[in-house]
Amino acid sequence: MLTTASLRGERAVRATFAGAATPGNGRRTVFDCQHGRSLPLAELARSEDGPASGAESVNQAFDGLGATRDFYHEVFHRNSVDDRGMRLDGYVHFNTHFNNAFWDGQQMVFGDGDGKIFTDFTGSRDVIGHEVTHGVTENTAGLAYHNQSGALNESISDVFGSLVKQWSMKQTVDEADWLIGPEIFTPGIDADALRSMKAPGQAYDNALFGKDPQPDHMSKFVSLPDTEPGDFGGVHINSGIPNKAFYQTAVGIGGFAWEAPGLIWYESLKASSMETQFQDFADTTYQKAEELYGAGSTEQLAVLAAWQEVGIQISGVPAGVARARSLAAGRDGGVGREDGMASLTKQIGALAAQVTGLTKDVAALKGR
């Protein structure tokens with residue numbers, strides 16, 4: 001975790017140079033570091049117009065970068081990382097037994113793993129999507145890498161990293177595993193994945209790593225120092241809270257998670273800023289759901305229920321409508337999903353009317 005946090009710091013420094021990258025319609029190039037640490041000395045292994053390589057790592061990196069690029073282009077009409085056609089350069093076989101993969105603001109770097117704990121990092125589609133999404137975040141909200149904004153930064157990468165995999169495999173919400181990096185552990189490690197979006201805190205529990213420390217509710221939020229040893233305020237730990245909120249939103253809506261849920265999160269990311277907190281982002285997703293799908297829509301109610309599920313109440317929405325999740329799931333006195341949503345829509349409409357009336361009353365009083 002500390003190694004990853006250090007690399008995030010490197011990314012933050014190098015990200016300032018990302019804007020100078022040459023546009024290339026997201027053209028991919030993969031280089032082989034041959035276990036060295038110098039990227040400029042790496043050898044060309046595969047280009048956009050060249051043949052497939054004989055090396056599996058090269059092809060996996062090339063395909064993973066392509067899947068991520070195509071996902072953003074086809075789903076959100078985004079032209080590569082910076083939306084201006086930024087080239088996608090990948091470097092494989094970085095260093096010796098390097099247990100990580102990272103985006104440094106300009107390119108993607110892959111380690112081979114030590115063969116004991118981790119395997120080749122090019123083999124995980126969601127890890128590649130996760131890291132490249134850090135570049136998308138840098139070029140949109142620019143979420144500061146500490147405390148809640150940093151945990152949100154990590155969560156955004158998990159969300160879209162998972163969606164890249166789901167989109168590539170054409171998986172529905174119910175078919176997806178909602179795990180981040182399940183492929184990168186060796187068979188000898190008793191762990192499902194690095195993180196679980198469906199069940200934060202349950203990705204692993206073994207003698208080597210201990211128990212997964214991710215919380216799934218604000219009541220379990222972990223306060224850590226805003227330092228490198230403190231994971232910059234727990235950015236890799238507290239990301240479990242917004243991760244669970246996205247998962248719950250996707251389940252509440254159903255179908256393909258990259259459609260309505262993904263679009264709501266993507267538009268909310270673009271509307272965010274460096275110091276956006278969990279509450280800010282939750283409120284934005286609720287507003288974007290209304291803008292995109294209408295007030296009281298299934299999509300907006302799913303967002304509301306999801307954030308309530310993790311202990312965050314949408315600003316301006318009375319807590320009395322917190323029955324959304326049970327109604328949507330059909331667990332409230334036998335109320336079905338559609339009837340429950342219709343009932344909740346009426347509640348939201350009535351409450352909205354009350355708020356509108358109060359607003360007019362306040363305006364009238366101010367005018368006196």
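No hydrogens, no waters, no symmetry mates; every other heavy atom, side chains included, goes into these values. Along the sequence shown, residues carry numbers from 1. Only a predicted model underlies this, so the values are computations on that prediction, with no experimental measurement involved.
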query: For residues S315 and D283, is any side-chain donor paired with an opposing acceptor at under 3.5 Å?
result: yes

- request: Kindly determine whether Q107 and F31 satisfy side chain to side chain contact (heavy atoms under 4.5 Å, CB included), including the steps that lead there.
  value: CA-CA 11 Å; Q107 53 252 323; F31 300 87; over 6 Å; no

- request: List for me each residue that meets ring-ring contact (aromatic ring centres under 6.0 Å, His included) alongside F62, sequence neighbours excluded, and say none if there are none.
  value: none

task: Test side chain to side chain contact (heavy atoms under 4.5 Å, CB included) on L39 and F94 and set out the steps.
output: CA-CA 8 Å; L39 301 187; F94 177 77; 4.0 Å; yes

message: Please verify the inter-ring angle class for F71 with F160; under 30° counts as parallel, over 60° as perpendicular, anything in between as tilted.
response: tilted

- request: Can you measure from CG (L65) to CG (D89) and round to the nearest 0.5 angstrom?
  value: 9.0 Å

field: Pair D126-S162, side-chain donor/acceptor within less than 3.5 Å
entry: no

- request: For S149 and E275, indicate whether the former's side chain and the latter's backbone hold a donor-acceptor pair under 3.5 Å.
  value: no

Side chain to side chain contact (heavy atoms under 4.5 Å, CB included) evaluation trace for F118 with F98: CA-CA 9 Å; F118 294 114; F98 187 65; over 6 Å; no

- prompt: Does some side-chain heavy atom of E299 sit less than 4.5 Å from a side-chain heavy atom of L292?
  reply: no

message: If you apply the rule side chain to side chain donor-acceptor pair (under 3.5 Å), what do you find for T172 with D174, and how did you get there?
response: CA-CA 5 Å; T172 64; D174 296 330; 5.1 Å; no

message: Please report the interatomic distance CG(D32) to CZ(F110), rounded to the nearest 0.5 Å.
response: 12.5 Å

- prompt: Quick one: side-chain hydrogen bond (donor to acceptor under 3.5 Å, both in side chains) pairs with a partner in residues 65-75, sequence neighbours left out?
  reply: E48-R69, Y72-T133

field: Heavy atoms of other groups near K288 NZ, more than 12 under 6.0 Å
entry: yes

query: Can you find a side-chain donor-acceptor pair between N79 and R84 that sits under 3.5 Å?
result: no

task: Determine, for D212 against R195, whether the closest basic-nitrogen to carboxylate-oxygen distance falls under 4.0 angstrom.
output: no

message: Under a 4.0 Å threshold between the charged nitrogen and the carboxylate oxygen, would D49 count as salt-bridged to R27?
response: yes

message: With salt bridge (Lys or Arg N to Asp or Glu O under 4.0 Å) as the criterion, how do D114 and K116 come out once you've worked through the C-alpha distance, each side chain's angles and the decisive distance to 0.1 Å?
response: CA-CA 5 Å; D114 57 9; K116 298 177 181 179; over 6 Å; no

task: Verify, without hydrogens or angle tests, whether S155 (side chain) and A151 (backbone) share a donor-acceptor contact under 3.5 angstrom.
output: no

- prompt: Is any side-chain heavy atom of F102 closer than 4.5 Å to a side-chain heavy atom of D104?
  reply: yes

message: Using a 3.5 Å distance criterion without hydrogens, assess whether the side chain of S124 forms a donor-acceptor pair with backbone atoms of E183.
response: no

- prompt: Atom CD1 in I241, atom CD1 in I312: separation rounded to 0.5 Å?
  reply: 6.5 Å

- prompt: Only one of E56, M108, Q60 forms a side-chain contact (heavy atoms from CB on, under 4.5 Å) with T122, so which one is it?
  reply: Q60

- prompt: Do K165 and D177 sit within salt-bridge range, that is, some charged N less than 4.0 Å from a carboxylate O?
  reply: yes

- prompt: Run the side chain to side chain contact (heavy atoms under 4.5 Å, CB included) check on V317 and L304 step by step: do they pass?
  reply: CA-CA 9 Å; V317 178; L304 172 65; 4.0 Å; yes

- request: Verify, without hydrogens or angle tests, whether S53 (side chain) and A55 (backbone) share a donor-acceptor contact under 3.5 angstrom.
  value: yes

- line: When every non-hydrogen atom of Q248 is compared with those of E309, the smallest separation belongs to CG-CG, 4.0 Å

Distance-only donor-acceptor hits, side chain of residues 204-211, under 3.5 Å, sequence neighbours excluded:
{"residue": "N206", "atom": "OD1", "partner": "L208", "partner atom": "N", "Å": "3.1"}
{"residue": "N206", "atom": "OD1", "partner": "F209", "partner atom": "N", "Å": "2.7"}
{"residue": "N206", "atom": "ND2", "partner": "D190", "partner atom": "O", "Å": "2.8"}
{"residue": "K211", "atom": "NZ", "partner": "G201", "partner atom": "O", "Å": "2.6"}

- prompt: Minimum heavy-atom separation for A257 to L163, with atom names?
  reply: CB-CD2, 3.6 Å

field: Q300-E290 side chain donor-acceptor pair, cut-off 3.5 Å
entry: yes

message: Check whether T227 reaches the backbone of G230 with its side chain - one donor and one acceptor, N or O, closer than 3.5 Å.
response: yes

- request: May I ask you to check whether over 12 heavy atoms, not counting those of Q277, lie within 6.0 Å of atom CD?
  value: yes

query: Roughly how far apart are D112 CG and H35 NE2, rounded to 0.5 Å?
result: 5.5 Å

- request: May I have the step-by-step check of side chain to side chain donor-acceptor pair (under 3.5 Å) for N243 and D158, ending in yes or no?
  value: CA-CA 7 Å; N243 273 2; D158 277 353; 3.0 Å; yes

- request: Step through it carefully: locate the ring centre of Y286, locate the ring centre of W307, and say whether they are under 6.0 Å apart.
  value: no

field: Backbone of H236 reached by a side-chain donor or acceptor of D231 within 3.5 Å
entry: yes

task: Measure the acute angle between the ring planes of Y266 and F76, then classify it against the limits of 30° and 60° as parallel, tilted or perpendicular.
output: parallel

query: Looking only at atom types and distance, does a side-chain atom of Q214 sit under 3.5 Å from a main-chain N or O of I237, one as donor and one as acceptor?
result: yes

message: Go through it in stages, so that I can follow the logic: the residues are H134 and E154, the test is side chain to side chain donor-acceptor pair (under 3.5 Å), and I'd like the CA-CA distance, side-chain angles, deciding distance and then a yes or no.
response: CA-CA 8 Å; H134 277 300; E154 279 296 318; 3.2 Å; yes

query: Is the side chain of T276 donor-acceptor paired with the backbone N or O of S272 at a distance under 3.5 Å, no angle test?
result: no

message: Against the six-membered ring of W167, is K170 placed for a cation-pi contact (under 6.0 Å from the centre, within 45° of the normal)?
response: yes

- request: Kindly indicate, with the supporting measurements, whether the criterion side chain to side chain donor-acceptor pair (under 3.5 Å) is fulfilled by T29 and R46.
  value: CA-CA 6 Å; T29 309; R46 185 175 178 183; over 6 Å; no

